[in-house]
Amino acid sequence: MATLVQCFLKLFLLISVFQLSFATRRLSELVQDQTQLLHYHNGPLLYGKIAVNLIWYGQFKPSQKAIITDFVASLSSPASQSNQPSVAMWWKTTEKYYHLSPKKAAPLSLSLGDQILDESYSLGKSLTSKHLVQLASKGGQRNAVNVVLTSADVAVEGFCMSRCGTHGSSSSVGHVKGGKNYKFAYIWVGNSETQCPGQCAWPFHQPIYGPQNPPLIAPNNDVGLDGMVINLASLLAGTATNPFGNGYFQGPAEAPLEAASACPGVYGKGAYPGYAGNLLVDSTTGASYNVNGANGRKYLVPALYDPSTSSCSTPV
């Protein structure tokens, strides 16, 4: 009898050890490779000197255009030590993706390119995704990112329902390289001021859902344009690190998590849903911001996923 009990005990211990080992293996499988959220899909990144061409669709005041152009210029403008944190410093996080990429190339340098005006709404005031590509094609397609900016009175397919902007790529039209069409990257961002500021200009407007904290004061005194800067900044980071849908991202290629979208709603340390984080406040205007830009500008830019620390990196 004692021998039978001993056999059962040995069998029980053997099964327990097996289950423990199996559970440990399964747990390690669940957590493996979580240190790197965004995976590299072996495609090219943007590199070298790239012009950011702006296609203005609809009516924009000169003061509104200046908010955007100063932001683009700030991406490569060296800021003094007394003017930190800066837009250029924030942008340097994207360089870490290039360091990780096995495909070494010249570092990316963005600069303000051409500006194209379409103030007569040549395609109407209700645009489809195909219209956006058509407008983006108006800009130069070599060594460029073409940014389509739509005014507050323009409706765009999916705007306010599923997106505040988008980026993608398209085959060049009438430009042939080596006998084949090549791709160019583009971005679209809409002015949400009159359509959905609670979705696309938060935290400068109360959100439609979630905690109803008071909105922050926009640093350039324009809720719509300051919201556009946030979305443009996010999409520029996504374009640099995933320009053609096979760079750094997680999830389905049609709706990927990218450098900025991996850190939604985070602008400063201590952020949580409904709270943008600990931000800088202008002592004169009371406006909230987290980076300084060209010509004395202040902006709010999103956190970027830092692949070297596996965390969302904020300027402040």
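Bear in mind that the values here come from a model prediction, so they are computed numbers and not experimental data. Residue numbers run from 1 in the order of the sequence given.
- You'll find the side chain of P215 stays beyond 4.5 Å of the side chain of F204, heavy atoms only.
- Contact annotation: the side chain of D226 approaches that of P219 to within less than 4.5 Å [non-hydrogen atoms, C-beta and beyond].
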- Task: Evaluate the side chain to side chain contact (heavy atoms under 4.5 Å, CB included) criterion for residues K138 and S122: first the C-alpha distance (whole Å), next the side-chain angles of each, then the deciding distance (0.1 Å), finally the verdict.
- Result: CA-CA 12 Å; K138 291 186 175 184; S122 64; 3.8 Å; yes
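- Here the CG atom belonging to N231 is positioned 11.5 Å from the OG atom belonging to S261, to the nearest 0.5 angstrom.
- Of all non-hydrogen atoms in G224 and E193, the two that sit nearest each other are CA-CB, 3.8 Å.
- The shortest distance between side-chain heavy atoms of L54 and L112 falls below 4.5 Å.
- A ring-centre distance under 6.0 Å is not found for Y57 and W188.
- In the hydrophobic clustering of ILVMFWY residues, with side-chain heavy atoms under 4.5 Å counting as a link, L216 and F71 come out apart.
- With hydrogens and angles disregarded, no donor-acceptor distance shorter than 3.5 Å links the side chain of S76 to the backbone of S111.
- Across all non-hydrogen atoms, the minimal contact from Q199 to C160 is NE2-O, 2.6 Å.
- For the atom pair K125 NZ and S151 OG, the distance stands at 7.5 Å (nearest 0.5 Å).
- None of D70, D222, D282 except one satisfies the salt bridge (charged side-chain N to carboxylate O under 4.0 Å, His left out) rule with R297; the exception is D70.
- Using a 4.5 Å heavy-atom cutoff, the side chains of V229 and L300 are not in contact.
- Side-chain rings of H41 and F249 approach one another, their centers coming within less than 6.0 Å.
- Panel note: side chain N292, backbone P85; a donor-acceptor pair is recorded below 3.5 Å.
- For the 3.5 Å distance criterion, the side chains of W56 and E119 fail to qualify, holding no donor opposite an acceptor.
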- ring-ring contact (aromatic ring centres under 6.0 Å, His included) between W202 and Y209, intermediate numbers included: CA-CA 11 Å; W202 184 85; Y209 307 107; over 10 Å; no
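- Residue A185 comes nearest to T239 through the heavy atom pair CB-CG2, 3.8 Å, listed as atom of the first residue, atom of the second, then distance.
- With W90 contributing its side chain and A303 its backbone, the two residues share no donor-acceptor pair below 3.5 Å.
- Looking at L235 and V189, their side chains come closer than 4.5 Å, going by heavy atoms from C-beta outward.
- Between the side chain of Q212 and the main chain of G210, a donor-acceptor pair closer than 3.5 Å is present.
- For the pair N290/V301, a side-chain contact is recorded, criterion being any heavy-atom separation below 4.5 Å from C-beta on.
- Grouping the Ile, Leu, Val, Met, Phe, Trp and Tyr side chains by contacts below 4.5 angstrom, directly or via other members, places L149 with L117.
- The minimum heavy-atom distance between P273 and P211, with the atom names listed, is O-CG, 3.8 Å.
- If you check the side chains of S311 and T309, you find a donor sitting under 3.5 Å from an acceptor.
- Expressed to the nearest 0.5 Å, how far NZ of K269 lies from SG of C312 amounts to 11.5 Å.
- No side-chain heavy atom of Q115 sits under 4.5 Å from any side-chain heavy atom of I55.
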- Task: Report the C-alpha separation of N191 and L225 in whole Å, then their side-chain angles, then the decisive distance to 0.1 Å, and conclude whether the side chain to side chain contact (heavy atoms under 4.5 Å, CB included) test is met.
- Result: CA-CA 7 Å; N191 185 344; L225 267 293; 3.6 Å; yes
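- Interatomic distance, CD of E95 versus CG of L45, reported as 12.5 Å (0.5 Å rounding).
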- Decide yes or no on ring-ring contact (aromatic ring centres under 6.0 Å, His included) for Y299 and Y289, but give the supporting numbers first. CA-CA 5 Å; Y299 295 106; Y289 67 102; 9.7 Å; no
- Task: Carefully, step by step, assess C200 and C164 under the rule disulfide bond (SG atoms under 2.5 Å apart).
- Result: CA-CA 6 Å; C200 296; C164 302; 2.1 Å; yes
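- Around atom CG of N213, more than 12 heavy atoms belonging to other residues, nucleotides or ligands sit under 6.0 Å away.
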- Task: Check step by step if side-chain hydrogen bond (donor to acceptor under 3.5 Å, both in side chains) holds for E258 and H167.
- Result: CA-CA 11 Å; E258 298 177 322; H167 81 86; 2.9 Å; yes
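- Linking Ile, Leu, Val, Met, Phe, Trp and Tyr residues whenever their side-chain heavy atoms come within less than 4.5 Å places V52 and L46 in a single cluster.
- L75 and Y98 fall within the same hydrophobic cluster, defined by Ile, Leu, Val, Met, Phe, Trp and Tyr side-chain heavy atoms under 4.5 Å apart, directly or through other members.
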- Message: Does F159 form a side chain to side chain contact (heavy atoms under 4.5 Å, CB included) with S192? I'd like the steps, not just the answer.
- Response: CA-CA 9 Å; F159 190 34; S192 67; 3.9 Å; yes
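- Taking all atoms of both residues into account, the shortest heavy-atom contact from F184 to A136 is CE1-O, 3.9 Å.
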- Can V291 and S86 be said to form a side chain to side chain contact (heavy atoms under 4.5 Å, CB included), step by step? CA-CA 5 Å; V291 287; S86 68; 5.7 Å; no
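- For the atom pair CG (L38) and CG (D306), the distance works out to 10.5 Å, reported to the nearest 0.5 Å.
- Residues Y97 and Y305 form a side-chain contact, since some pair of their non-hydrogen atoms from C-beta on lies under 4.5 Å apart.
- No donor-acceptor distance shorter than 3.5 angstrom exists from the side chain of Q250 to the backbone of L257, with no hydrogens or angles considered.
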- Task: Step by step, work out the side-chain hydrogen bond (donor to acceptor under 3.5 Å, both in side chains) result for N246 and Y40.
- Result: CA-CA 7 Å; N246 53 6; Y40 180 52; over 6 Å; no
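- If you chain together hydrophobic residues whose side chains sit under 4.5 Å apart, V316 and L304 never meet in one group.
- Between the OH atom of Y47 and the OG atom of S109 there is a distance of 14.5 Å, given to the nearest 0.5 Å.
- Between P203 and I230, the shortest heavy-atom contact is CD-CD1, 4.2 Å.
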